[in-house]
Amino acid sequence: MFTDKEARIVKKTLQNDFAALTMESPAIAPHCFPGQFLMVRVLPQQYPLLRRPLSIHDRIQSRLSLFFKITGEGTALLARKNEGDTVDILGPLGRGFTFDRNFKAKPVYVVGGGRGIAPLYFLAGELKKRRVHVRIFYGGKNSKELPLLAKMRSEGFNLDCSTEDGSYGIQGMVTDLLKKSFKSELPAFLYACGPEAMMKNVYILASEHGVSSEFSLESIMGCGIGACWGCVKRIRKDGIGTWVKICEDGPVFPGQDIIWEKND
Amino acid sequence: MFTDKEARIVKKTLQNDFAALTMESPAIAPHCFPGQFLMVRVLPQQYPLLRRPLSIHDRIQSRLSLFFKITGEGTALLARKNEGDTVDILGPLGRGFTFDRNFKAKPVYVVGGGRGIAPLYFLAGELKKRRVHVRIFYGGKNSKELPLLAKMRSEGFNLDCSTEDGSYGIQGMVTDLLKKSFKSELPAFLYACGPEAMMKNVYILASEHGVSSEFSLESIMGCGIGACWGCVKRIRKDGIGTWVKICEDGPVFPGQDIIWEKND
Amino acid sequence: MIDLSIDLGFLKLKNPVLAASGTFGYGLEFAPYIDLNKLGGFVVKGLYFNAREGNPPPRLVETPAGLINAIGLQGIGVKKFTNEILPRLLEFRTALIINVCGDDEEEYARVAEHLDGRKGISALELNISCPNLKQDGRCPAMDPDSTYRVVKRVKNATSTPLITKLSPNVTDITAIAISAHEAGSHALSLVNTFLALAISLEDRKPKLGNVFGGLSGPCIKPLALRMVYQTSSRLDIPLIGIGGISSGRDALEFMVCGAKAVQVGTANFINPDATVAIIAEIEEFCRQEGISRVEDIVGTLKETVKKSRL
Amino acid sequence: MIDLSIDLGFLKLKNPVLAASGTFGYGLEFAPYIDLNKLGGFVVKGLYFNAREGNPPPRLVETPAGLINAIGLQGIGVKKFTNEILPRLLEFRTALIINVCGDDEEEYARVAEHLDGRKGISALELNISCPNLKQDGRCPAMDPDSTYRVVKRVKNATSTPLITKLSPNVTDITAIAISAHEAGSHALSLVNTFLALAISLEDRKPKLGNVFGGLSGPCIKPLALRMVYQTSSRLDIPLIGIGGISSGRDALEFMVCGAKAVQVGTANFINPDATVAIIAEIEEFCRQEGISRVEDIVGTLKETVKKSRL
Ligand SMILES: Cc1cc2nc3c(=O)[nH]c(=O)nc-3n(C[C@H](O)[C@H](O)[C@H](O)COP(=O)(O)OP(=O)(O)OC[C@H]3O[C@@H](n4cnc5c(N)ncnc54)[C@H](O)[C@@H]3O)c2cc1C
Ligand SMILES: Cc1cc2nc3c(=O)[nH]c(=O)nc-3n(C[C@H](O)[C@H](O)[C@H](O)COP(=O)(O)OP(=O)(O)OC[C@H]3O[C@@H](n4cnc5c(N)ncnc54)[C@H](O)[C@@H]3O)c2cc1C
Ligand SMILES: Cc1cc2nc3c(=O)[nH]c(=O)nc-3n(C[C@H](O)[C@H](O)[C@H](O)COP(=O)(O)O)c2cc1C
Ligand SMILES: Cc1cc2nc3c(=O)[nH]c(=O)nc-3n(C[C@H](O)[C@H](O)[C@H](O)COP(=O)(O)O)c2cc1C
Ligand code: FES
Ligand code: FES
């Protein structure tokens with residue numbers, strides 16, 4: 001964990017409600033793994049007060065990328081930064097995906113919903129480098145909520161998409177894609193990130209088919225470094241459900257350890 | 001009084017600790033007089049909370065200029081705005097200088113200290129248009145605190161300068177310049193703006209010589225529109241000293257009405 | 001059409017948004033910026049019987065997302081108000097509430113008596129909670145008995161409806177609320193400002209002429225909201241929520257927590273049209289959520305504490 | 001060389017800056033970011049006798065320049081602390097203060113007894129002021145008698161110096177301070193968080209699992225500073241100032257108002273190196289102002305109220 005108070009933005013792209021920032025950060029970039037995150041200071045002032053947790057979306061040598069949806073004031077202000085501006089970042093934080101596994105030449109599924117694709121892109125890239133056969137399942141409300149689609153396609157990723165309104169891919173949920181796919185093959189492993197309700201359904205499906213999985217969870221964070229106990233969720237530890245810190249013990253957890261929220 | 005939530009910045013210049021912003025504001029510009037001010041919102045967020053009072057520094061048709069010293073977080077953030085950005089402004093506010101007077105062909109003195117030159121520049125320009133013989137006395141700590149010097153010189157203003165360290169003009173205070181000048185001529189009127197201690201000394205000098213004067217005062221402002229009673233100073237009204245609102249009854253007052261602060 | 005009207009029992013408001021005392025002058029100051037008739041109402045600056053000098057400046061300090069003021073209720077006194085200002089306010093069709101001040105119970109009563117029965121006055125708001133009058137910040141609303149005495153005394157002096165304005169600088173605001181209620185207050189407005197201090201480090205001096213002042217603005221909203229909710233959970237009396245309200249959403253949050261109406265204070269300084277903007281935002285929210293009567297949102301907080309599972 | 005040391009009487013600090021309880025984990029969490037030996041000291045997260053689950057999430061809400069938390073003192077319990085954590089903390093040469101919690105007087109005493117006489121512990125800080133344990137936010141520090149009882153009981157149970165941490169959610173903090181002092185507390189730390197509420201408008205639900213939470217951060221500084229000044233004006237006991245401190249200037253303002261030392265809380269979340277940065281800023285300020293001993297700045301506020309002239 002390092003702080004880089006002046007990571008310089010070298011590239012910024014905006015696409016609908018999504019922003020991508022690439023920063024030069026030799027202090028932090030070399031240490032990052034997929035699934036880890038940064039705590040990002042929005043402005044140098046005392047408002048907004050807290051840093052924002054954002055996953056590492058990509059890393060190329062000394063450069064890091066973030067990819068985020070504008071959902072509130074903090075992300076809106078971040079998206080207004082320009083090339084040449086600096087960002088104060090802290091990271092890499094948390095435990096990422098465990099991806100140096102022996103997948104026995106079987107395919108590996110990467111399942112993303114909306115902005116949940118952010119860390120999965122980094123993961124998929126690393127898996128590809130290791131010559132793992134990756135299949136990406138990507139769902140969103142509509143085609144605008146699948147912002148990385150074109151990029152991932154052009155990079156040759158194997159992609160299946162769904163949208164709730166049918167504006168791209170099949171009409172339905174990403175679980176519909178998975179259900180269909182599970183009929184013909186079972187992956188060696190499944191990684192997912194997206195809205196909690198989606199992840200829960202993905203987990204149920206995967207576990208019904210005996211597929212091991214990891215999920216990246218979100219939680220409101222005070223510190224990101226395990227000091228405030230603010231980010232807890234119920235996780236099974238030694239068989240017992242306890243409030244576990246997402247920032248330190250996660251954000252990635254094995255599917256079977258997560259105690260999913262009851263639906264309202 | 002009007003609000004212009006999106007006055008577009010068409011020109012920005014930075015010079016040491018000073019910034020000049022020129023904005024396009026057809027709603028407000030035509031109504032402005034020298035000595036009036038704007039209440040300027042720093043950012044659209046709730047921090048910094050209050051608007052900043054800044055004098056109208058110049059007006060050319062539908063354009064307005066501000067000229068300010070970076071003295072704290074608000075002015076620093078304002079100075080970071082760029083051409084093309086918008087500023088939320090409210091104005092023109094307050095009572096400015098009374099300059100449509102009969103000066104009987106005598107010279108008029110305009111006395112500025114540091115950033116106090118901001119409103120005086122607008123005033124001097126208007127006086128010049130009226131063919132009044134204007135002499136500007138301009139003092140600062142050092143030559144860096146006389147930021148408008150080159151500009152005013154190039155525009156043909158009659159200027160006498162002082163710096164405390166002697167880095168430009170005579171070494172001393174602006175009152176030293178005045179003392180000397182009063183020996184050879186007495187102006188028809190004197191206008192001043194600058195640090196309170198300076199203005200007090202200028203007033204004492206002017207009144208000793210029977211020269212009528214107006215001063216633009218500063219005060220921390222909550223609203224700028226006479227609603228909060230936060231900006232008061234002691235002013236003589238009907239002979240009695242009372243707490244008078246600087247934003248509404250001022251910021252410009254006749255020298256003899258001001259009850260100057262005691263020196264510490 | 002969405003019904004924005006609010007019935008306080010003793011007073012019907014065309015909408016729940018009032019301008020808060022001390023932040024809206026005598027109302028007229030805002031006429032150049034907004035149509036005052038659009039407001040639910042406004043509360044004028046606090047009035048004593050006689051004119052009042054107020055505190056020595058500096059009177060304001062900006063803080064992170066807040067403002068400390070120590071105006072000290074400079075004002076023209078109630079007689080000059082009824083002679084010179086009140087007639088000019090009669091043209092507006094909106095609730096006019098007079099913020100009543102006093103150095104002691106007698107003065108509150110004298111101001112109320114002077115105002116009693118005058119045309120155009122919808123209610124009196126008893127300001128027993130101003131923190132920047134005494135040097136130590138004390139005020140009647142910090143004690144249940146003092147509160148009871150002032151309210152009772154004024155109640156006997158006037159037939160105009162009474163709203164008592166409470167102080168947040170207390171251990172248990174519901175205890176004070178109960179006193180005001182029992183003494184006959186028709187409604188409560190909460191809260192006034194929080195007693196605060198700011199100093200100049202270089203000078204080793206307080207920044208305000210009065211030493212202490214009252215904190216207002218967005219920074220106090222979570223505290224004020226808590227107090228409104230505590231009070232509405234315990235008492236059945238119309239509440240007017242105040243504290244850091246600067247958007248329609250802020251206003252609605254206070255209503256969900258039990259306030260029938262709200263007052264907008266410091267936000268008027270940032271945008272003179274804050275009140276009307278807030279009314280428009282409330283209306284828009286109701287439209288989007290399919291709420292036809294804004295009053296239906298009052299007190300709808302579901303306090304379903306998630307119990308830990310497993 | 002500027003002398004940054006502070007003598008609390010019962011404890012000498014190498015500088016006035018401590019990390020506040022609950023915002024600094026058990027200290028070790030910050031070792032990757034800062035040299036803990038540079039601190040005046042740190043206060044570990046509140047400990048009960050037994051391990052504790054804490055409140056259901058969400059536990060945090062951001063507010064304008066503030067943070068509401070309702071962690072509910074999740075923690076490992078004092079035994080596990082002394083077995084597993086304390087030995088690892090002994091290597092650090094800085095004051096270690098243990099934040100002691102309890103559901104009742106007995107539990108406070110049991111925790112204190114368990115810690116009594118252990119190597120490496122400089123003082124106990126009695127947390128009688130956490131607002132997010134009971135659903136209504138009540139705590140012993142809201143009442144002078146409860147305060148007296150807890151402090152007295154713990155005092156009898158331990159010979160370790162006691163610091164009592166006070167709540168800001170009271171009418172008169174000096175009354176509570178007097179109780180704690182009379183019961184034998186060696187010092188007071190003020191303040192803990194302000195009882196607050198945030199709701200989700202769309203859901204009509206509180207945002208925190210515990211409904212209420214405690215507000216901290218820059219927004220509370222003017223209120224905390226006022227309470228420190230009120231208390232230091234009235235009592236002669238070492239005070240530790242807490243509330244929104246995020247710069248050396250903030251820290252020094254508390255000291256000018258009478259605090260001998262300060263604690264840095266929420267600022268640790270924004271910058272893990274906040275404490276050491278603050279120490280450096282204090283030193284720099286002293287250098288610029290020609291202050292050779294930082295302790296000389298304590299209580300130097302000149303309360304020269306400008307009297308209106310004429
Ligand atoms: C480990 C982790 C990784 C994340 N990675 C990404 C990513 O790569 N791309 C992306 O678009 N989003 C990501 N998120 C979600 C992202 O943190 C929030 O969208 C963001 O904090 C919202 O901030 P805001 O100021 O725009 O919204 P506001 O609603 O104004 O934020 C208010 C407060 O709530 C917090 N908050 C609000 N929503 C969330 C949320 N979903 N999760 C955590 N905190 C929240 C904010 O941090 C802030 O403290 C991640 C969250 C976590 C926990
Ligand atoms: C009528 C009027 C006209 C002014 N015109 C100019 C001008 O043309 N050029 C210029 O450089 N300055 C001018 N000033 C001063 C200017 O308002 C302050 O320098 C500015 O508000 C400082 O803001 P800040 O955020 O940078 O400083 P901070 O110290 O961070 O401000 C904190 C708070 O104090 C207030 N404040 C601080 N200093 C002053 C001050 N001297 N006067 C009023 N409020 C203050 C701020 O507005 C803010 O609310 C004028 C002041 C007034 C009252
Ligand atoms: C400058 C100023 C002056 C005030 N004067 C009064 C007053 O005269 N009477 C009163 O009851 N409250 C007064 N208040 C308190 C406000 O009416 C309101 O209760 C408080 O500011 C909190 O609301 P806000 O956060 O929306 O400003 C004043 C507040 C400010 C900021
Ligand atoms: C997340 C969090 C957890 C806290 N936990 C404790 C605690 O365990 N014991 C305690 O006495 N105070 C606790 N506090 C209060 C802080 O120690 C401190 O008094 C308060 O946050 C005000 O200081 P600040 O504004 O610098 O944060 C906690 C505060 C926060 C924000
Ligand atoms: S965010 Fe602070 S412990 Fe996880
Ligand atoms: S600034 Fe509000 S009355 Fe002058």
Side-chain angles (χ1 to χ4, degrees), chain C residues 53 55-58 61 63-66 68 135-137 142-143 169-172 194-199 201-206 209-213 215 217-223 225-230 244 249 252-253 256-257 285 289 297 300-309, chain D residues 53-57 61 63-66 68 135-137 142-143 169-172 194-199 201-206 209-213 215 217-223 225-230 244 249 252-253 256-257 285 289 297 300-309:
Chain C
E53 267 239 301
N55 290 326
V61 184
T63 69
I68 314 181
Q135 268 225 353
D136 61 359
M142 287 170 81
D143 174 73
N169 303 304
V170 295
T171 308
D172 179 7
F194 288 73
L195 190 63
L197 174 64
I199 71 163
L201 181 57
E202 270 74 16
D203 303 336
R204 320 272 198 275
K205 277 189 195 162
N210 185 56
V211 183
F212 294 133
L215 185 66
C219 63
I220 67 166
K221 200 192 83 177
L223 308 178
L225 199 62
R226 180 261 295 180
M227 295 186 197
V228 167
Y229 181 60
Q230 285 179 317
R249 298 181 63 87
L252 287 159
E253 285 179 23
V256 166
C257 289
F285 179 89
E289 295 253 320
I297 210 170
T300 52
L301 190 73
K302 299 172 216 157
E303 205 200 298
T304 48
V305 182
K306 281 194 209 162
K307 291 284 170 236
S308 38
R309 274 156 295 120
Chain D
E53 268 239 300
N55 290 325
V61 184
T63 69
I68 314 181
Q135 268 224 352
D136 62 358
M142 288 170 79
D143 174 73
N169 303 302
V170 295
T171 309
D172 178 7
F194 288 73
L195 190 62
L197 174 65
I199 71 163
L201 181 56
E202 270 74 16
D203 303 337
R204 320 271 199 277
K205 277 189 195 161
N210 186 55
V211 182
F212 293 133
L215 185 66
C219 62
I220 67 165
K221 200 193 81 178
L223 308 178
L225 198 63
R226 179 259 297 180
M227 294 186 197
V228 166
Y229 181 60
Q230 285 178 318
R249 297 182 63 88
L252 287 160
E253 285 178 24
V256 167
C257 289
F285 179 89
E289 294 252 322
I297 211 171
T300 51
L301 190 72
K302 299 173 217 159
E303 205 199 298
T304 48
V305 182
K306 281 193 209 165
K307 292 282 171 238
S308 36
R309 273 154 296 121

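In what follows, chains carry the letters A, B, and so on, assigned in the order in which the sequence lines appear, proteins first and then strands, with residues in each chain numbered from 1.
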Is there a side-chain contact between [X] and [Y] (heavy atoms, below 4.5 Å)?
X      : Y      : value
C/D203 : D/K302 : no
D/R226 : C/F194 : no
C/E253 : C/Y229 : no
C/E289 : D/L201 : no

Task: Interface residue of largest heavy-atom contact number with chain C, from D/V228, D/I68, D/V170, under 4.5 Å - done: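 That would be D/V170.
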Task: Closest-packed option against chain C by number of heavy-atom pairs under 4.5 Å, given D/L197, D/I220, D/D172 - done: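 Winner by heavy-atom pair count: D/L197.
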TODO: Could you tell me which portion of C/L252 (side chain, backbone, both or neither) has an atom closer than 4.5 angstrom to a non-hydrogen atom of chain D?
DONE: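 When you check distances to chain D, atoms from both the backbone and side chain of C/L252 fall under 4.5 Å.
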Task: Heavy-atom contact with chain D under 4.5 Å, split by part of C/L215 - done: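 Looking at C/L215, just its side chain touches chain D.
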Non-hydrogen atoms of [X] and [Y] that approach each other most closely:
X      : Y     : value
C/P64  : D/A65 : CB-CB, 3.7 Å
D/C219 : D/G66 : SG-CA, 3.6 Å
C/A198 : C/V61 : CB-CG1, 3.9 Å

Given that the side chain runs from C-beta out, which part of [X] has a heavy atom under 4.5 Å from chain C: side chain, backbone, both or neither?
X      : value
D/L195 : both
D/T300 : both
D/I297 : side chain
D/I199 : both

Open item on the list: Can you tell me which of C/T63, C/V256, C/L223 forms the most heavy-atom pairs within a distance under 4.5 Å of chain D?
Closed with: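 Of C/T63, C/V256, C/L223, C/L223 has the most heavy-atom pairs under 4.5 Å with chain D.
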